[in-house]
Amino acid sequence: MTRLGRLLSYSAAIALIGGTAFAEDVIIGLATGQTGGLAPFDQPSLAGFKMAIDEINAKGGLGGKYMVTLDIKDTRSDTGATVQAAQELVAEGVKVLITPCDADPSIAAGQISQSAQIPTLTFCGTTPTITDAVGDYMFGTYPADNGQAALLAEHAISKGYKSAYILKSPDSAYTLRLPEYFAEVFTAKGGTIAGEGTYGLGQQDFAAEVTKIAALDPQPDVIMTAAYEPDFPAFLKALRGAGVMAPVLGSDGIDSPTTTGLGEIANGIVHTTAGFPADGTPLGDFYKRFTEATGAAPETVYVATGYEIPYILDAAVTAAGTMDGPALRDALANLEGVQVLTGKVTYKGTNRMPSRDITLVEIQNGARTPILTATPDPASVPAP
Amino acid sequence: MMDIILQQVLNAISLGGIYALLALGLAVVFSIVGLINFAHGELMTVAGYVLFLGVLFALPLPFAVLLAIGAAALAAVLTERLAFRPMRKADATSLLLTSFAVSAILRVLFQNGISARPKPVPLPSALSGTVNLGPVHLGAVPLASIVVTVLSLVTLNLFLKRTTMGQAMRAAAEDFQVLRLMGIKANRVIAVAFGLSGALAGISAVLWVAQRGSVDPLMGFIPVLKAFVAAVIGGLGSLPGAVAGGFVLGISEVLFQAFLPEAALPFRDAFVLSVVIAILIWRPEGLIPAKTARRS
């Protein structure tokens, strides 16, 4: 069915029901990478997002009165194509724009929606500078890098680690800044940095770097990195192969079956994640519902964080009573303690990167166990 | 200090070996059809997914590995039959674009047909163990890459020198037209070249995946880039050149990573590529240029 057809049939359906309340059709535009390098993040986020929109539409729409149609454009993970898609969506009159799980295309697309006064949310972009780089219409949704780093550093201090080695890659903001934020908090709380290493994304061979770590004297108490697959497993294998047994701290990028599939060398890894689907928790129940609905379990927590976004929007639309840009922006920016699957989300008092719960999990024998869920203390979160 | 230098030299040889296998895969095809097959990386991905399935269904590992290598060889022959054979009379640029197209199509098929997320390939923990040779440690996988590279090079050499098909392929690399005048079937020589290239892609994929622990749709991009650089340094189309180029690339990557000062490390690839440029200025045809009767 064409988009127009879909719109007409929705309107017809609403007209037939007679509309107990005044209902309005709105379009939410998504310019995200459904193929290419961002697809591992944007595809699962979209799957969750769609499921939530269907649920909300079935209950009468956003804020109880806005029936949502999605216009989904694939950007092929290309920043130029993201800008083009954003332009088309803005011209079409979307009320909300969703951008990819990455800083660069989100910032580029945000420039367009910012001047058109359209609230814009990034799927799982974690760079805390995304929002200020664009302006007051740009919102993050996912736990930011500096928050993750703060929680990891507090954990390291509480475990009594005195010195840390950090491995970073200048190839992306995530792999560069997250370890730097960690170092900032860790040293502020009394730790020391024993050394720093650098790698390239997709480097594959870590033998040279690891030989240098093995030669450190004294050895660091802990090793921290924001490397994710395929780099993280290659790094860990090389590290353990060189006989370095220091505990390893990682970020949400290694919340993937590959990490648990590494076997006993992964034992003792502690990493951050947006949430852990324990039985009986809202997230655990969502995993069951998603599995029943699609026939396959979520491959990653991004499905859940994508699912949460329409509910965050729903809370804002309910508060604003309208989907007009400026009012919706203000309502979003003032949200406080919105209950979602993985905890509570607050925008009030932030730079529009939400303050929200982050979970620390530990890997033992191929399984994860949650060890802590907390909102990082704003006083210890480093400035972006 | 001696230990560390020895350790880094072993690291360098191990990475160089994988690059040599990768570059060899490109060179085998280029020497005969004049095509740089940028879909070579996706052949590795095919092998990776077959290995993933093999491990998932708990097949004995050697069997899963053979199956993966076979699948890559089969995929190579199929891409030749479906995409490259119809383009055989086309010029080099069209062939190159065809290989980009094959690569892009395969990547989207993997992303939308299998999963955009990486699939874990958990290998037995024996493979993440370490072998201690005196003061130096060598991981099981890097050690395996050295052994496998040597074995593959020896086997390939025997095949090219001792079998009729091998001799036909060497002749085809020097002058394809004359070979055809001798009554050798072109299709068969080319199909065997692609199969061989696919098998080499499969072997390197197994080593590559063993090191990274997962397979994903875009995994072929970096290895094919490395292979291309290595093949160019060595001399495009020259098999000994590809091996030499692979080792030069791997060794310079590891040595720069090991001995550059910390502040210069983010520019490691720039240093490596400077070496590549220096080699090409010194020997524009590559380290060991191909013997060829091709006239441009």
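Every chain is numbered from 1, with letters handed out A, B, ... down the list of sequences. For the numbers below, each heavy atom of this structure counts, side chains included, while hydrogens, waters and symmetry mates do not.
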Region of B:Q257 in contact with chain A, defined by heavy-atom distances below 4.5 Å: both
If one checks every heavy atom of B:A12 against chain A at 4.5 Å, the contacting part turns out to be neither
Between [options], which has the largest tally of heavy atom pairs under 4.5 Å with chain B?
options: A:G197, A:P44, A:A242; value: A:A242
options: A:G37, A:G263, A:G202, A:A207; value: A:A207
options: A:E196, A:Q34, A:Q203, A:E264; value: A:Q203

Residues A:Y199, A:F235; criterion ring-ring contact (aromatic ring centres under 6.0 Å, His included); working and verdict: CA-CA 10 Å; A:Y199 71 98; A:F235 170 65; 7.7 Å; no
Which atoms of [X] approach chain B - backbone, side chain, both or neither, heavy atom under 4.5 Å:
X: A:E229; result: side chain
X: A:F232; result: neither
X: A:L239; result: neither
X: A:T300; result: side chain
X: A:P257; result: both
X: A:Q43; result: side chain

Begin from the C-alpha positions of A:D42 and A:T32 and carry the test side-chain hydrogen bond (donor to acceptor under 3.5 Å, both in side chains) through to its verdict. CA-CA 6 Å; A:D42 284 355; A:T32 59; 4.6 Å; no
So, the side chain of A:Q364 versus the backbone of A:T369: is there a donor-acceptor pair under 3.5 Å, distance only? no
Say whether, by atom type as modelled, one donor and one acceptor occur between the side chain of B:R117 and the main chain of A:P40 under 3.5 angstrom. yes
How long is the straight-line distance from OG1 of A:T126 back to CG of A:D102, given to the nearest 0.5 Å? 8.5 Å
Taking atom types as modelled, find out whether B:S197 and B:N37 have a side-chain donor-acceptor pair closer than 3.5 angstrom. no
With distance as the sole criterion, is a donor-acceptor pair present between the side chains of B:S103 and B:E42 under 3.5 Å? yes
Relative to chain A, which of B:R212, B:E262, B:K119, B:Q7 shows the most heavy atom pairs under 4.5 Å? B:R212
Do A:F123 and A:Y302 have their ring centres less than 6.0 Å from each other? no
